[in-house]
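Atoms within a ligand are numbered from 1 in the order they appear, just like the ligands themselves.
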Amino acid sequence: MMSDTGSNSNTSSSAGNPSTVRHDLLRKMPKAELHIHIEGSLEPELIFALAERNNVKLAYASVDELRRAYAFTDLQSFLDIYYAGASVLLTEQDFFDMTWAYLERAHADNVRHAEIFFDPQTHTDRGVPFAFVIHGIHRALEQAQAQWGMSGALIMCFLRHLSEEAAFETLEEAMHYRDMFIGVGLDSSERGHPPEKFARIFARCKELGMRLVAHAGEEGPPAYIETALDLLKVERIDHGVRCLEDPALTQRLARDRIALTVCPLSNIKLRVFDRIHDHNIRELLDAGLVVTVNSDDPAYFGGYINDNFIQTFDALALQPAHAQQLTRNSFAASFLDEATKQRYLDEVDEFFAKET
Ligand code: ADE
Ligand code: ZN
C-alpha cells in the first residue's frame, strides 16, 4: 500500500507532480464505497492464517511467494488466483474475519457506507453452505453499524462464466436470506459472456424488487454496457471505462445519470490502461458522467479506496472540486434512502467548505 508522511504530502511523497490536492483531504473526506468484492479483500497473510486454521493446502510456500504471483496480464489471469485464494474460506467465522478486516480498513479510510459484492457460487460449488457465507459477512456488517455507525449492504453476484441454470439455482437458495442482501450483480470473466446470457435471471430479480448492477465495459466492449442497460435493466455499471469509445453511449450514460463505479488501480493491474497516468477518469468526469472511485479487489490490486484516490489524483493532477464531485457521486449513486443520502451529501459539502 502507498503511504505518505505529512498532512500536506504534496511536498513529500508526491514531490514533483502537479497535484494540488492534499492527501489528508482525500483521506479524511467522508465517502461511500460501491464496488468492492469481499473475496478480493482477502490479504495474503489472512489467506495463510485461514489455510492453517482449516488445513487447506496452498500452491504457494509463503506469503511473499503468493504476493509475487500477483503479476496479472488480464482479468482472467487475476481471476484464477482470486478463486484459488478464496478456497481457504470454509466456516462462518472465516467469512466474518475476512469481512471485518475489510471493514476496519474502510473505516480507517473514512468510508461511511459500503455496498459489498459477494460471490456465493465460488463457495457453494466447493460444498460450503450458503448460510455460512452470508451469515458470516452479514454479522460483520452488523458489528460495523453498531460499533461505528458505518452502514453496509450486500449485493450478490452471479458468476458470468457459469450457466444461467446455475444462477437460477443460486437465486433460489438466496431467497432464504432475502432480507440480508439488497440486490444482484454480474461479475467474473467478461469476454465471451455477454449480458444477454443473464437477461432472464435479471428480469426475475427485478420482479422480486432487487437492485440491479453489472460489470460491463471493463475488458468487454461498450456494446456490453448498452446491453446491460437495455436487457438487464441495471441501475449502475461497474467499471464501464470503455464507454468513451462510443460517444452516443457516453451521452446516454450522462443524460440518464447512470453511475460508473470506476476502480483505477484495478484497471492498471489488469492492464486496461498501461499506467495510472493514462487512466481516463478525468475524461469521464469531463463528459458529465456520474463517476465514483472504488477499490474492486484491494488485497490484489495494491490498495484500498484512499490509495485509489491518492494515486489517481497525484497522477492526473485532479483538483479539490474533483474530489468533492467524486465523493458526492458515491453517496448519490448509492442505494441508500433519499433522506440518508441527503444527510451524507450535506456532510460532504460542509467538510469541503471547512477544509478548502
Ligand atoms: N471479480 C472480482 N473482481 C472482478 C473484476 N474486476 N471483474 C470481474 N469480476 C471480478
Ligand atoms: Zn469488480
Side-chain angles (χ1 to χ4, degrees), residues 32-43 47 69-87 89 95 98-99 102 106 114-123 125 133 137 153-162 166-167 170 183-195 197-198 211-221 224-225 228 232 234-243 259-273 279 281 291-305 307-308 330 333:
E33 177 149 55
L34 305 180
H35 186 159
I36 156 80
H37 301 261
I38 200 60
E39 294 89 350
S41 73
L42 201 50
E43 292 284 346
I47 290 179
Y70 294 179
F72 312 117
T73 50
D74 59 9
L75 175 58
Q76 192 59 51
S77 67
F78 154 68
L79 290 170
D80 293 343
I81 288 194
Y82 163 85
Y83 294 128
S87 70
L89 296 159
F95 288 93
M98 169 178 67
T99 308
Y102 162 70
E115 295 182 2
I116 298 175
F117 295 133
F118 71 114
D119 287 344
Q121 289 162 298
T122 300
H123 314 298
D125 283 3
V133 179
I137 300 172
L154 286 179
I155 297 176
M156 175 176 77
C157 283
F158 299 116
L159 298 181
R160 67 202 302 161
H161 69 273
L162 300 180
T170 299
V184 296
L186 188 63
D187 67 359
S188 193
S189 323
E190 188 179 10
R191 286 200 187 115
H193 300 284
K197 184 174 163 186
F198 296 93
R211 310 308 297 251
L212 308 177
V213 299
H215 284 53
E218 176 186 15
E219 270 191 356
Y224 283 18
I225 300 175
L232 304 188
V234 297
E235 300 167 80
R236 294 194 303 243
I237 296 287
D238 297 310
H239 294 292
V241 291
R242 289 192 59 192
C243 70
L260 304 184
T261 62
V262 173
C263 307
L265 293 180
S266 164
N267 293 154
I268 306 313
K269 286 282 183 193
L270 302 188
R271 314 293 291 273
V272 176
F273 301 97
H279 200 283
I281 193 166
V291 179
T292 65
V293 168
N294 308 270
S295 67
D296 205 6
D297 299 284
Y300 292 90
F301 298 152
Y304 287 75
I305 192 167
D307 302 299
N308 274 272
S330 73

Check your understanding: Are D119 and Y82 close enough that some pair of their side-chain heavy atoms sits under 4.5 Å apart?
Key -> yes

Point to revise | Main-chain N/O of S189 paired with Q76 side-chain donor or acceptor, under 3.5 Å | key: no

Exercise for review: In plain terms, say whether E115 and R236 are close enough for a salt bridge, that is, a side-chain N and a carboxylate O under 4.0 Å apart.
Suggested key: yes

Point to revise | N/O/S from C263 sitting under 2.8 Å away from the Zn ion (ligand 2) | key: no

Point to revise | Within-shell test, G40 vs ligand 1, heavy atom, strictly < 4.0 Å | key: no

Review point. Which of these, R160, H161, E218, H37, has its nearest heavy atom closest to atom 4 (C) of ligand 1?
Key: H37

**Study point:** Atoms in ligand 1 with a heavy atom of L79 nearer than 4.0 Å
**Key:** 1 (N), 10 (C)

Review point. Among the N, O or S atoms that H35 has, which is closest to the Zn ion (ligand 2)?
Key: NE2

Exercise for review: Verify the ring-centre separation between F117 and H215: is it less than 6.0 angstrom?
Suggested key: yes

Check your understanding: Are any of the heavy atoms in F78 under 4.0 Å away from ligand 1?
Key -> yes

Check your understanding: Considering only N, O or S atoms, which atom of D296 is nearest to the Zn ion (ligand 2)?
Key -> OD1

Practice item. Heavy-atom distances under 4.0 Å are what count here, so tell me which part of L75 touches ligand 1: side chain, backbone, both or neither. Key: side chain

**Study point:** Sole candidate of V262, I116, V213, N294 that passes side chain to side chain contact (heavy atoms under 4.5 Å, CB included) when paired with L34
**Key:** N294

Review point. Within a reach of under 6.0 Å around NZ of K197, are more than 12 heavy atoms found that belong to other residues, nucleotides or ligands?
Key: yes

Point to revise | Any donor-acceptor N or O pair under 3.5 Å, side chains S295, N308 | key: no

Review point. For ligand 1, which part of E39 has a heavy atom less than 4.0 Å away: the side chain, the backbone, both, or neither?
Key: neither

Study note, to complete from the structure: If we number the atoms of ligand 1 from 1 as shown, the ones under 4.0 Å from a heavy atom of H239 are 6 (N)

Exercise for review: Look at atom 6 (N) of ligand 1 and say which protein heavy atom is nearest, naming residue and atom and giving the distance to 0.1 Å.
Suggested key: D296 OD2, 2.7 Å

Check your understanding: Between S266 and ligand 1, does any nitrogen or oxygen pair lie at a separation below 3.5 Å?
Key -> no

Exercise for review: Can you pull out the closest protein heavy atom to atom 9 (N) of ligand 1? Residue, atom name and distance to 0.1 Å, please.
Suggested key: S188 N, 2.8 Å

Revision key, fill the gap. In this structure, NE2 of H239 is separated from SG of C263 (nearest 0.5 Å) by 4.5 Å

Review point. Which is it for E190 and ligand 1 at heavy atoms under 4.0 Å: side chain, backbone, both or neither?
Key: neither

Check your understanding: Near D297, which atoms of ligand 1 are under 4.0 Å from a heavy atom of that residue?
Key -> 2 (C), 3 (N), 4 (C), 6 (N)

Check your understanding: Any side-chain heavy-atom pair from K269 and D297 closer than 4.5 angstrom?
Key -> no

Check your understanding: Would you say H37's side chain and E39's backbone share a donor-acceptor pair under 3.5 angstrom?
Key -> no

